[in-house]
Chemist: 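Structure provided below as structure tokens; questions to follow.
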Amino acid sequence: MEIIENKELRVEISAVGAEMQSLTDIATGRQLLWQGDPAYWQRRSPVLFPAVGGLWNGTYRTSNGTYRMPKHGFVREAEWQVSSRTEQSVTFAHEQTPEEAAMFPWLYRVEVEYRLEERRLCTTFRVYNTGSETMFFQMGGHPGFHLPDFAPDRPISGYIELEGRPEYLLRAAEQGCTVVTTDFCAKSGNKTAAVHYPVPLDADGLVPVCAETFANEALILPDHQISAATLLRTDGTPLVRVSSSAPVWLFWAPQDLHSPFVCFEPWYGLCDPIGFEGMVDHRPFINRLEAGTLWHGGYEILVY
């Protein structure tokens, strides 16, 4: 376990999957990150690469053939190496193994850097194409946040405030692949919120964190519709704000289950649509990386 900290925050990261395990406010001892429970979801903040979400029939196609890929890729199970560290930052790296080559034919090196800046945790993804052919991949974050107001007899555990111009949603259905919904997004005052199958909005247009909101799995907003989102307590007090340049955002909790956590997921990619049988370069929001070049992305968490 690697630990980074400053005067404000302390972060613990596991070498398995380069996955954050803890995000603590030092002054109060408050734990922001979901701590994992198999009854709900045993993970905490997995790194997704080289796929995000589901692939139709678990496969994708290149000019060299068809490959099988598990949902969310495979690096979340891998043992990563620390490539550099300071008191307030640490970078993990992982390179393709022979076993992975059967699922992903391109040579790569992927890095995840965690860096503290006052009350912000900055997570940077870097992907290097170390081979001789153009590479296609997706990548994303999946941090889960603890809901301090969760109680079995309290139907709403918090609220999500979106920043941007949300206009439509997708939802995950068969095999975790997407379908277009007929839902739309509403605006109330200066706040925006997604209306989902349907999700009841509060008076300020906030998305309630409750079982009904996630009755059809994740809220999926593609096409750069939002750039940030804030998790609020039931009284409106902000807990964390997540921001990212990612073109796709998901908000997820276990389907149709009153849950003590919620995930904010900035994705550089998206699940296949149901029935997709195209080539890999036509997968939704796929990233194309030429030989010998670097791609980067990431997200930031501001702790209030």
Side-chain angles (χ1 to χ4, degrees), residues 1-49 72 75-76 80 82 84-92 111-126 139-150 157-161 163 209 218 227-234 237-246 249-254 259-267 297-304:
M1 192 77 68
E2 294 291 325
I3 298 172
I4 58 174
E5 63 182 316
N6 59 14
K7 294 180 180 180
E8 303 284 348
L9 302 171
R10 174 186 171 95
V11 182
E12 299 180 14
I13 309 106
S14 170
V16 177
E19 182 175 354
M20 180 167 50
Q21 300 293 300
S22 175
L23 173 59
T24 307
D25 184 330
I26 291 176
T28 64
R30 184 170 48 119
Q31 177 61 249
L32 284 306
L33 199 70
W34 166 244
Q35 290 297 285
D37 180 345
Y40 297 95
W41 184 57
Q42 65 183 1
R43 297 184 184 273
R44 303 182 186 192
S45 182
V47 175
L48 315 181
F49 176 88
H72 293 327
V75 299
R76 59 185 178 156
W80 294 55
V82 173
S84 66
R85 77 170 335 280
T86 68
E87 185 178 353
Q88 298 184 26
S89 70
V90 61
T91 299
F92 291 84
E111 295 181 351
V112 178
E113 178 189 12
Y114 296 96
R115 184 180 71 260
L116 289 172
E117 296 180 357
E118 297 180 340
R119 295 189 67 80
R120 295 179 186 272
L121 173 63
C122 305
T123 302
T124 301
F125 303 136
R126 302 185 189 95
M139 191 163 194
H142 200 312
F145 297 107
H146 167 65
L147 297 168
D149 295 329
F150 169 83
S157 302
Y159 295 92
I160 300 169
E161 181 178 356
E163 297 178 32
V209 180
S227 58
T230 299
L231 178 62
L232 309 173
R233 297 192 67 162
T234 53
T237 303
L239 289 168
V240 294
R241 177 181 182 268
V242 181
S243 58
S244 176
S245 63
W249 283 71
L250 288 84
F251 300 92
W252 175 82
S259 171
F261 76 96
V262 63
C263 291
F264 284 34
E265 305 179 42
W267 285 7
Y299 64 92
E300 295 185 1
I301 300 172
L302 169 64
V303 177
Y304 287 97

Chemist: Does some side-chain heavy atom of Pro260 sit less than 4.5 Å from a side-chain heavy atom of Asp37?
Modeler: no

Chemist: So how far is it from Thr86 OG1 to Ile4 CD1, rounded to the nearest 0.5 Å?
Modeler: 7.5 Å

Chemist: Pairing donors with acceptors under 3.5 angstrom, does anything connect the side chains of Gln31 and Ser22?
Modeler: yes

Chemist: What closest approach, in Å, do Ser259 and Pro254 show between heavy atoms, and which atom pair accounts for it?
Modeler: OG-CD, 3.5 Å

Chemist: Do Asp149 and Ser157 have a side chain donor and acceptor closer than 3.5 Å?
Modeler: no

Chemist: Would Tyr159 and Leu231 count as a side-chain contact (heavy atoms from CB on, under 4.5 Å) here? Give the steps.
Modeler: CA-CA 6 Å; Tyr159 295 92; Leu231 178 62; over 6 Å; no

Chemist: Under 3.5 Å, sequence neighbours excluded: what are the donor-acceptor pairs made by side chains of residues 11-19?
Modeler:
| from | atom 1 | to | atom 2 | distance (Å) |
| --- | --- | --- | --- | --- |
| Ser14 | OG | Val16 | N | 3.0 |
| Glu19 | OE2 | Arg44 | N | 2.8 |
| Glu19 | OE2 | Ser45 | N | 2.9 |

Chemist: Taking the side chain as C-beta and beyond, is there a heavy-atom pair between Leu232 and Glu161 under 4.5 Å?
Modeler: yes

Chemist: Partners of Ser84 by side-chain contact (heavy atoms from CB on, under 4.5 Å), sequence neighbours excluded?
Modeler: Thr91

Chemist: What residues form a salt bridge (Lys or Arg N to Asp or Glu O under 4.0 Å) with Arg119, not counting sequence neighbours?
Modeler: Glu8, Asp25

Chemist: Would you say the ring centroid of Phe261 lies under 6.0 angstrom from that of Phe145?
Modeler: no

Chemist: Got Val112 and Thr123 here, is their nearest side-chain heavy-atom distance under 4.5 Å?
Modeler: yes

Chemist: Who pairs with Asn6 by side-chain hydrogen bond (donor to acceptor under 3.5 Å, both in side chains), at least two apart in sequence or on another chain?
Modeler: none

Chemist: Please name all residues satisfying side-chain contact (heavy atoms from CB on, under 4.5 Å) with Val82, sequence neighbours left out, ordered by chain then number.
Modeler: Glu2, Arg85, Val90, Phe92

Chemist: Step by step, would you call Leu48 with Val75 a side-chain contact (heavy atoms from CB on, under 4.5 Å)?
Modeler: CA-CA 7 Å; Leu48 315 181; Val75 299; over 6 Å; no

Chemist: If you compare all heavy atoms of Met20 against all heavy atoms of Leu33, which two are closest, and at what distance to 0.1 Å?
Modeler: O-CD2, 3.5 Å

Chemist: For Arg43, is the CZ atom crowded, meaning more than 12 foreign heavy atoms sit under 6.0 Å from it?
Modeler: yes

Chemist: Give me the one residue out of Trp34, Phe251, Trp249, Trp252 that meets ring-ring contact (aromatic ring centres under 6.0 Å, His included) with Phe264.
Modeler: Phe251

Chemist: side-chain hydrogen bond (donor to acceptor under 3.5 Å, both in side chains) with Arg76: which residues, sequence neighbours excluded?
Modeler: none

Chemist: Considering residues, nucleotides and ligands other than Glu117, do more than 12 of their heavy atoms fall under 6.0 Å from its CD?
Modeler: yes

Chemist: Looking at every non-hydrogen atom in both residues, tell me the closest pair between Ile26 and Glu5 and how far apart they are.
Modeler: CD1-OE1, 3.8 Å

Chemist: Specify the closest pair of heavy atoms between Met139 and Val47, including all atoms of both residues, with the distance to one decimal.
Modeler: CE-CG1, 3.8 Å

Chemist: I want to check something: taking the side chain as every heavy atom from C-beta on, are Phe125 and Tyr299 in contact at a cut-off of under 4.5 Å?
Modeler: yes

Chemist: Where do Glu300 and Arg241 land on the salt bridge (charged side-chain N to carboxylate O under 4.0 Å, His left out) test, with the steps shown first?
Modeler: CA-CA 8 Å; Glu300 295 185 1; Arg241 177 181 182 268; over 6 Å; no

Chemist: Could you give the distance from CG (Leu302) to OG (Ser243), rounded to the nearest 0.5 Å?
Modeler: 8.0 Å

Chemist: If you compare all heavy atoms of Ala229 against all heavy atoms of Ile160, which two are closest, and at what distance to 0.1 Å?
Modeler: CB-CG2, 4.3 Å

Chemist: Distance from Leu23 atom CG to Arg30 atom CZ, nearest 0.5 Å?
Modeler: 9.0 Å

Chemist: Could you tell me if the side chain of Gln21 sits less than 4.5 Å from the side chain of Gln35, heavy atoms only?
Modeler: no

Chemist: Main chain of Glu111, side chain of Trp80: is a donor-acceptor contact present, judged purely on distance under 3.5 Å?
Modeler: no

Chemist: As an exercise, state the distance from CD1 of Ile301 to CG of Leu121, rounded to the nearest 0.5 Å.
Modeler: 5.0 Å

Chemist: Mind checking whether Thr24 and Leu32 have side chains closer than 4.5 Å, heavy atoms only?
Modeler: no

Chemist: May I ask you to test the Arg115-Thr124 pair for a side-chain heavy-atom distance under 4.5 Å?
Modeler: yes

Chemist: For a 4.5 angstrom cut-off between non-hydrogen side-chain atoms, does Val262 reach Leu147?
Modeler: yes

Chemist: Using every non-hydrogen atom in the two residues, find where Gly140 and Trp267 come nearest and quote the distance to one decimal.
Modeler: CA-CD1, 4.0 Å

